[in-house]
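What follows is a single structure, written as structure tokens, with notes after it.
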Amino acid sequence: MVNAFLAHDLLWGMTPEQLPADVPAWVIEALSDGQPVVVRRALSAPGLIAVGVRGRLREQRYATVMAVDAVQRRVKPEDLCHVSIGRDLPAVRGLDQLRRMLDGCGWVWGVSGSAGFELASGCVALHEGSDLDLILRAPQTLERAQAQELVRIFDTAACRVDLQLQTPFGAVALREWASPARRVLLKNASQACLVADPWNPQEQAA
């Protein structure tokens with residue numbers, strides 16, 4: 001059951017009663033308001049999911065675990081591709097600009113980060129300087145030339161766009177994969193390591 005939940009999924013159902021006794025007051029406030037928690041890329045015991053609670057401030061992030069049995073609702077990043085909010089912000093305009101291209105790219109994509117949180121929950125999370133965080137499900141190799149073309153397109157958007165490629169072995173930043181670096185940082189539930197090929201992490205750079 002735990003494997004059904006992926007990093008960046010938003011989950012509803014966690015309550016302050018499920019938290020440790022010594023949590024900051026803002027964490028209790030966030031959950032009391034009915035906010036979702038965000039699935040983290042981390043290991044957890046059977047029956048539990050590694051999650052994070054978001055506060056109103058950028059530095060307010062609290063890592064904890066949630067019982068699988070407590071989950072009442074789940075929203076995945078790809079569920080948010082065509083959700084709109086009536087706020088005139090660079091990240092919202094950027095998403096509007098890129099939707100058609102992303103829909104036609106042949107890959108499953110989704111919205112994460114502050115934009116995904118606000119689109120899914122209605123809780124204000126975006127501001128004028130917010131990046132647009134996206135994910136791309138990439139079960140097969142996305143060539144570096146393709147990554148470079150995506151970066152060029154993203155750089156024409158109304159805001160900075162940060163996209164994570166979700167490979168079968170973990171996540172890698174699109175901008176890093178598009179760079180000349182021989183090895184890139186691959187993050188999964190157990191570690192972050194430098195690899196030559198995020199789709200074949202055992203392969204060493206020549």
Side-chain angles (χ1 to χ4, degrees), residues 1-11 37-46 48-52 54 58-59 61-66 74-81 91 94-95 98 101-117 130-157 159-206:
M1 183 67 175
V2 174
N3 291 337
F5 301 102
L6 301 173
H8 305 294
D9 286 355
L10 295 169
L11 306 177
V37 294
V38 186
V39 177
R40 296 184 292 118
R41 188 173 281 105
L43 296 174
S44 58
L48 298 174
I49 315 157
V51 298
R54 290 179 63 108
R58 184 181 180 89
E59 63 271 19
R61 301 289 185 268
Y62 183 80
T64 185
V65 292
M66 178 181 185
R74 172 197 186 192
V75 172
K76 300 177 289 183
E78 49 265 54
D79 297 332
L80 302 169
C81 297
L95 180 57
L98 297 171
M101 182 278 294
L102 288 164
D103 284 344
C105 74
W107 304 83
V108 174
W109 66 281
V111 189
S112 58
S114 297
F117 190 84
S130 293
D131 294 346
L132 175 60
D133 295 302
L134 303 173
I135 67 154
L136 197 70
R137 307 283 185 203
Q140 288 86 37
T141 300
L142 185 141
E143 300 296 338
R144 283 191 139 170
Q146 293 175 281
Q148 291 159 4
E149 178 59 23
L150 283 176
V151 168
R152 283 193 289 271
I153 294 170
F154 290 160
D155 284 346
T156 67
C159 64
R160 177 178 170 83
V161 179
D162 285 325
L163 182 142
Q164 273 194 348
L165 298 169
Q166 309 286 320
T167 83
F169 299 97
V172 62
L174 174 75
R175 290 183 183 276
E176 196 169 347
W177 184 236
S179 77
R182 291 172 58 216
R183 296 197 297 167
V184 295
L185 189 66
L186 180 70
K187 299 177 183 178
N188 57 37
S190 59
Q191 64 178 344
C193 57
L194 289 170
V195 300
D197 182 351
W199 289 268
N200 186 13
Q202 289 76 35
E203 181 179 307
Q204 300 298 312

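Residue numbers run from 1 in the order of the sequence given.
Partners of Gln146 by side chain to side chain donor-acceptor pair (under 3.5 Å), not counting sequence neighbours: none found. Evaluation of the side chain to side chain donor-acceptor pair (under 3.5 Å) rule for Arg61 yields no partner, not counting sequence neighbours. In this structure Trp109 satisfies the ring pair (Phe, Tyr, Trp, His ring centres under 6.0 Å) test with no other residue, sequence neighbours excluded. Among residues two or more places apart in sequence or in another chain, the side chain to side chain donor-acceptor pair (under 3.5 Å) test is passed with Thr156 by none.
Contact annotation: the side chain of Phe117 never approaches that of Leu80 to less than 4.5 Å [non-hydrogen atoms, C-beta and beyond]. Leu174 has its side chain out of reach of Leu136: every pair of non-hydrogen atoms, C-beta onward, lies at least 4.5 Å apart. You'll find the side chain of Arg137 reaches within 4.5 Å of the side chain of Pro77, heavy atoms only. Two residues are said to be in side-chain contact when any heavy atoms from C-beta on lie closer than 4.5 Å; Phe5 and Val51 fail this criterion. Between Val39 and Met66, the closest side-chain pair of non-hydrogen atoms is not below 4.5 Å. Side-chain contact between Ile49 and Val37 is absent, with no heavy-atom pair separated by less than 4.5 Å.
For the pair Val111 and Gly116, the tightest heavy-atom approach, listed with the atom from each and the gap, is CG1-N, 3.6 Å. Nearest heavy atom pair, residue Val184 against residue Arg144, reads CG1-NH2, 3.3 Å. In terms of heavy atoms, Pro198 sits closest to Pro201 at O-CD, 4.1 Å. Closest of all the heavy-atom pairs between Leu185 and Val172 is O-CG2, 3.5 Å. The minimum heavy-atom distance between Gly170 and Leu186, with the atom names listed, is C-CD1, 3.6 Å. In terms of heavy-atom proximity, Leu98 sits nearest to Ala157 at CD1-CB, 4.2 Å.
The structure places CG of Leu132 at 11.5 Å from CZ of Arg160, a figure rounded to the nearest 0.5 Å. Lys76 NZ to His8 NE2: the interatomic distance, rounded to the nearest 0.5 Å, is 14.5 Å. For the atom pair CG of Asp162 and CD1 of Ile135, the computed distance is 14.0 Å after rounding to the nearest 0.5 Å. In this structure, Asn188 CG and Leu43 CG are separated by 8.0 Å, a value rounded to the nearest 0.5 Å.
For residues 169-188, the ring-ring contact (aromatic ring centres under 6.0 Å, His included) pairs, not counting sequence neighbours, are Trp177-Trp199. The side-chain hydrogen bond (donor to acceptor under 3.5 Å, both in side chains) contacts involving residues 167-176 comprise Asp155-Arg175, where partners must be two or more places apart or lie in separate chains.
In summary, the side chains of Arg54 and Ser114 do present a donor paired with an acceptor at a separation below 3.5 Å, with no hydrogens or angles considered.
Judged by distance alone, with hydrogens and angles left aside, the side-chain atoms of Gln148 form a donor-acceptor pair with the main-chain N or O of Ala178 at under 3.5 Å. Within the 3.5 Å criterion, the main-chain N or O of Ala4 finds a donor-acceptor partner in the side chain of Arg74. The closest donor-acceptor contact from the side chain of Arg40 to the backbone of Thr64 lies under 3.5 Å.
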Worksheet entry | From CA spacing to verdict: side chain to side chain contact (heavy atoms under 4.5 Å, CB included), Met101, Leu150 | CA-CA 10 Å; Met101 182 278 294; Leu150 283 176; 3.9 Å; yes
